[in-house]
Trainee: 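I have a structure I would like to understand better, so I am pasting it below and will then ask my questions one at a time.
As the structure is a prediction and not an experimental result, all values here were calculated from the model.
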2 protein chains.
Amino acid sequence: MSRVRLPLLSVPQPPLAEDRKHADNLGLAEPAELLQVGDLAKETGKTVRAIHLYEELDLLRPRARSKGRYRLYGPDALVRIRWIGKLQDMGFSLTDIQTVVRDWEESGSAPSAMTKMREVYTKKLEETRALRRRLQRLEHELQASLDYLDTCDVCEPDRILSACKACDHHECDHTVPELVAGFRANPSPS
Amino acid sequence: MSRVRLPLLSVPQPPLAEDRKHADNLGLAEPAELLQVGDLAKETGKTVRAIHLYEELDLLRPRARSKGRYRLYGPDALVRIRWIGKLQDMGFSLTDIQTVVRDWEESGSAPSAMTKMREVYTKKLEETRALRRRLQRLEHELQASLDYLDTCDVCEPDRILSACKACDHHECDHTVPELVAGFRANPSPS
DNA sequence: ACTAACCCTCACGTAAAGGTTAGACATGTC
DNA sequence: GACATGTCTAACCTTTACGTGAGGGTTAGT
């Protein structure tokens, strides 16, 4: 019975690509462009700790390790991390994602995998729509409350506001928005 | 830098008013209708524990106690609890609400209080709008991904799906939706 | 009086998603 | 070789919103 929580938003802002450190190992044709964890962090906006965590959860895996055991990732890791981020944004928990990933990898045979993927996304699409409607209702309520408050100082311009906390002016029309009523309800102790 | 999380939704469903236990103490005019914590719980869908918690956080306070120290609430408590719930739905944490309440009570003088209330709601209204836009983008992405997947089995009806995990059919048009690409990115260990 | 429901006050547990040390190597640069 | 950074592992810390007993009174009804 957990209710919806809509936390404050703040998009990570991919901190614009930094200087490629050890340029490119000119000579070796293919395995060029290996990134280390900090690079991933910079480009995805996630922290190193977060990326390590994803690995602990088997959501991500370094392509190799350096001699000194540094993790080395291919560029696909970027895709993966961003993907994780998007799923999170859509409301998946990391453990949800774990499941999704496990399912995908277990069904090495594709058809079921594709089906699953479609299922997951379809379901989430519906949830997202529902959530948006819900938000819209909240928006209306907020708007209504603000309108109500405006009324309050329209009918009693400016000055009388100082008495407004106890103002019964609106009490006659019993449609005090809940968002406003709640403020006053349940007064503090004696 | 916390990102948005949009948890699964599920509205509490106010479990339709139960039988008024000790009917109404016929005789005593005013202080009738005192509820005890379980009643509040039933009517708001919150748990008793939750209600106790709200009290610990100074968001709610019983109007009185019975001889045996049972908490007794007036009907305004219902309003208050529902109000708390709505604020939570809008993304306020309980500690946020604590602040709001404290602010409201401290400014016993009303004008600043009203202003504050308006401020809070105005801000939240904007956040909510932003969030909705964000969700809309996610919705589009989901839709796009699903469309993409449909393409996948339109061009290769049915059977070839079994090879689709490795299918490069779409790789030519480099617009693999991130939501789809992420699935495949970063293959598991060797 | 007896019983079934309630309620009281601690107080510790939990899940999520990392944050934050700490102590110790690794790398790249001058 | 010396420095400044960057990484490694391991392990404990943090916050949120309650959940879950334990141990023990309270109420209402019969």
Trainee: Given C/dC8, D/dT7, C/dC6, which nucleotide is nearest the side-chain atoms of B/Arg69?
Mentor: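 Shortest atom-to-atom distance from the side chain points to C/dC8.
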Trainee: Is any side-chain nitrogen or oxygen of B/Arg49 closer than 4.0 Å to OP1 or OP2 of D/dT20?
Mentor: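 Checking B/Arg49 against D/dT20: no side-chain N or O falls below 4.0 Å of OP1 or OP2.
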Trainee: Which nucleotide in the set C/dA17, C/dA26, C/dC7 lies at the smallest distance from any side-chain heavy atom of B/Val37?
Mentor: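 Nearest to the side-chain atoms of B/Val37, counting from C-beta on, is C/dC7.
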Trainee: Name the orientation class of the two ring planes belonging to A/Phe183 and B/Trp104 (parallel below 30°, tilted from 30 to 60°, perpendicular beyond 60°).
Mentor: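 Ring orientation, 0 to 90° scale: tilted.
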Trainee: Tell me whether A/Asp89 contacts the main-chain N or O of A/Lys86 through its side chain, where contact means a donor paired with an acceptor under 3.5 Å.
Mentor: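 Pair absent, no side-chain N/O of A/Asp89 close to backbone of A/Lys86.
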Trainee: Check for a donor-acceptor pair, side chain of A/Arg80 on one end and backbone N or O of A/Leu59 on the other, with a separation under 3.5 Å.
Mentor: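 Yes: the side chain of A/Arg80 pairs with the backbone of A/Leu59.
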Trainee: 5'-most contact on DNA chain C: A/Val48 or B/Gly38, nearest heavy atom basis?
Mentor: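 It is B/Gly38, whose closest nucleotide lies nearer the 5' terminus.
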Trainee: Separation of B/Ile84 atom CD1 from D/dC18 atom C1', in whole Å?
Mentor: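 B/Ile84 atom CD1 is separated from D/dC18 atom C1' by 14 Å.
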Trainee: Reckon A/Arg65 has a side-chain N or O less than 4.0 Å from the OP1 or OP2 of D/dT9?
Mentor: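 Yes, such a contact exists.
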Trainee: Can you pull every protein N or O that's under 3.5 Å from an N or O on nucleotides 23-25 of chain D?
Mentor:
from: D/dG25; atom 1: N2; to: B/Tyr70; atom 2: OH; distance (Å): 2.6

Trainee: Expressed in angstrom and rounded to an integer, what is the separation of B/Gln98 atom CD from D/dC18 atom P?
Mentor: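 My rounded result for the distance is 13 Å.
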Trainee: Any heavy-atom pair between the side chains of A/Glu55 and A/Arg71 that's under 4.5 Å?
Mentor: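 Yes, close enough: below the 4.5 Å cut-off.
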Trainee: Could you give the CD-to-P distance, from A/Gln36 to C/dT27, as a whole number of Å?
Mentor: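 These atoms are roughly 9 Å apart.
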Trainee: In whole Å, what is the span from the NE2 atom of B/His52 to the C1' atom of D/dT20?
Mentor: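 It is 14 Å, rounded to the nearest whole Å.
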Trainee: Tell me whether the OP1 or OP2 atom of C/dG18 has a side-chain N or O from A/Gln88 closer than 4.0 Å.
Mentor: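 So the side chain of A/Gln88 is within the cut-off, an N or O lying under 4.0 Å from OP1 or OP2 of C/dG18.
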Trainee: I need the CG-P distance between A/Leu34 and D/dT7, as an integer number of Å.
Mentor: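 Spelled out: CG on A/Leu34 to P on D/dT7 is 14 Å.
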Trainee: Counting just side-chain N and O atoms, does A/Thr95 come under 4.0 Å of either OP1 or OP2 of C/dA16?
Mentor: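 Answer is yes, contact under 4.0 Å.
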Trainee: Is any side-chain nitrogen or oxygen of A/Thr47 closer than 4.0 Å to OP1 or OP2 of C/dG19?
Mentor: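 Checking C/dG19 against A/Thr47, a side-chain N or O does come within under 4.0 Å of OP1 or OP2.
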Trainee: Base, sugar-phosphate, or nothing: which does B/Leu94 touch, judged by heavy atoms less than 4.0 Å apart?
Mentor: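 Touches sugar-phosphate only.
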Trainee: Rounded to the nearest angstrom, tell me the gap between atom CG in B/Leu57 and atom P in D/dC18.
Mentor: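 Going from B/Leu57 (CG) to D/dC18 (P), I get 10 Å.
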Trainee: Within the distance-only criterion (no hydrogens, no angle test), does the side chain of B/Asp103 pair as donor or acceptor with the backbone N or O of B/Val100 below 3.5 angstrom?
Mentor: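 No; zero donor-acceptor contacts below 3.5 Å.
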Trainee: Under 3.5 Å, side chain of A/Asp96 to main-chain N/O of A/Ser93, donor-acceptor pair present?
Mentor: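 Here the side-chain-to-backbone pair exists.
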Trainee: Would you check if the side chain of B/Thr95 reaches a backbone N or O of B/Gln98 as a donor-acceptor pair within less than 3.5 Å?
Mentor: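 The answer is no, because no donor-acceptor pair under 3.5 Å joins these two groups.
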Trainee: Counting only side-chain nitrogens and oxygens, does A/Ser66 get under 4.0 Å of the OP1 or OP2 atom of C/dA26?
Mentor: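 No, outside the criterion.
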Trainee: Output the rounded distance in Å from CD (B/Glu55) to P (D/dC18).
Mentor: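 Rounded to the whole Å, the gap is 15 Å.
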Trainee: Heavy-atom distance under 4.5 Å between the side chains of A/Leu87 and B/Leu179, does that happen here?
Mentor: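 Yes. Closest side-chain heavy atoms under 4.5 Å.
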Trainee: When the distance from CD1 of B/Ile97 to C1' of D/dT15 is rounded to whole Å, what number comes out?
Mentor: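 So the two atoms are 16 Å apart, to the nearest Å.
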